[in-house]
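Positions are given from 1, in the same order as the sequence printed here.
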Amino acid sequence: MRPAILSDRGLDAALSALVSSSAVPVRLVNEVSDRADVTTELVVYFAVAESVTNAMKHSGATNIDVRIWRSEHGLRADIRDNGHGGALLTPGGGLQGVRERVAAAGGSMVFSSPAGGPTEIEVMVPCAS
């Protein structure tokens with residue numbers, strides 16, 4: 001499923017709407033002004049949405065930082081929370097779902113969540129040429 005705001009107004013508007021409804025304050029820094037292809041935008045949106053939701057539900061975080069930027073390899077999303085860490089990639093879990101969706105789009109995900117925190121997720125999704 002693709003949120004209507006993502007289709008109509010792009011990734012920046014969709015992420016801004018997402019973080020504005022978060023129970024935990026989210027600082028969104030979007031350094032990308034142009035549109036990416038449909039698949040890339042959807043995968044990045046999903047990765048951020050699931051990561052923010054996971055942090056709100058499980059981490060005890062009091063703030064979350066999200067940075068969207070373009071690298072030479074594609075569109076990047078870096079998500080970091082100041083929670084207690086200890087998150088795991090479990091089969092059927094939300095973060096494992098992010099990893100699988102990113103991989104299906106040809107991208108990669110780096111994940112770190114040591115006990116005591118923070119949890120950091122770095123997603124890279126290649127853009128269609």
*Asks:* Answer with yes or no whether the side chains of S59 and N54 bring together a donor and an acceptor at under 3.5 Å.
*Replies:* no
*Asks:* Hey, does R27 have a side-chain heavy atom less than 4.5 Å from the side chain of P25?
*Replies:* no
*Asks:* Is the number of heavy atoms from other residues, nucleotides or ligands under 6.0 Å of R35 CZ greater than 12?
*Replies:* yes
*Asks:* Below 4.5 Å, heavy atoms only, C-beta onward: do L95 and I121 meet side chain to side chain?
*Replies:* yes
*Asks:* For A36, does its backbone N or O pair with a side-chain atom of E41 as donor and acceptor, under 3.5 Å?
*Replies:* yes
*Asks:* State, with a plain yes or no, whether a side-chain heavy atom of V43 is found less than 4.5 Å away from one of R101.
*Replies:* yes
*Asks:* Under a single-linkage definition using a 4.5 Å side-chain heavy-atom cutoff for Ile, Leu, Val, Met, Phe, Trp and Tyr, are F46 and I5 assigned to the same hydrophobic cluster?
*Replies:* no
*Asks:* side-chain contact (heavy atoms from CB on, under 4.5 Å) between I79 and V48: does it pass, once the steps are laid out?
*Replies:* CA-CA 7 Å; I79 306 104; V48 172; 4.2 Å; yes
*Asks:* Please test R76 against D78 for salt bridge (charged side-chain N to carboxylate O under 4.0 Å, His left out), starting from the C-alpha separation and ending with a verdict.
*Replies:* CA-CA 7 Å; R76 299 274 313 257; D78 297 337; 3.4 Å; yes
*Asks:* Keeping S113 on the side-chain end and A87 on the backbone end, is there a donor-acceptor pair under 3.5 Å?
*Replies:* yes
*Asks:* Given W69 and N30, is the side chain to side chain donor-acceptor pair (under 3.5 Å) satisfied, shown in steps?
*Replies:* CA-CA 6 Å; W69 55 288; N30 182 4; over 6 Å; no
*Asks:* Please name the pair of heavy atoms, one in R80 and one in E120, separated by the smallest distance, quoted to 0.1 Å.
*Replies:* NE-OE2, 2.9 Å
*Asks:* What heavy-atom pair brings A55 and D81 nearest, and what distance separates the two atoms?
*Replies:* CB-OD2, 3.5 Å
*Asks:* So, the side chain of H84 versus the backbone of H58: is there a donor-acceptor pair under 3.5 Å, distance only?
*Replies:* yes
*Asks:* Kindly write out the residues that satisfy side-chain contact (heavy atoms from CB on, under 4.5 Å) with S22, not counting sequence neighbours, or none if the list is empty.
*Replies:* V24, V26, V52, M56
*Asks:* Is there a side-chain contact between L89 and R99, using heavy atoms and a 4.5 Å cut-off?
*Replies:* yes
*Asks:* Taking all non-hydrogen atoms of both residues, which atom of Y45 and which atom of L15 are closest, and how far apart?
*Replies:* CD1-CD2, 3.8 Å
*Asks:* I want to check something: taking the side chain as every heavy atom from C-beta on, are L6 and L11 in contact at a cut-off of under 4.5 Å?
*Replies:* yes
*Asks:* Are the side chain of N82 and the backbone N or O of T62 linked by a donor-acceptor pair below 3.5 Å?
*Replies:* yes
*Asks:* Indicate the atoms forming the closest heavy-atom contact of L42 with P3, along with that distance.
*Replies:* CD1-CD, 4.2 Å
*Asks:* Are R70 and E31 close enough that some pair of their side-chain heavy atoms sits under 4.5 Å apart?
*Replies:* no
*Asks:* Can you tell me how far OG1 of T40 sits from CG of L75, rounded to the nearest 0.5 angstrom?
*Replies:* 6.5 Å
*Asks:* Answer yes or no: is there a side-chain heavy-atom contact under 4.5 Å between I68 and L28?
*Replies:* yes
*Asks:* Taking all heavy atoms of S51 and all of A47, pick out the closest pair and write down the distance.
*Replies:* OG-O, 2.7 Å
*Asks:* Any side-chain heavy-atom pair from S112 and T119 closer than 4.5 angstrom?
*Replies:* no
*Asks:* Measuring from M124:CE to E72:CD, what's the distance to the nearest 0.5 Å?
*Replies:* 10.0 Å
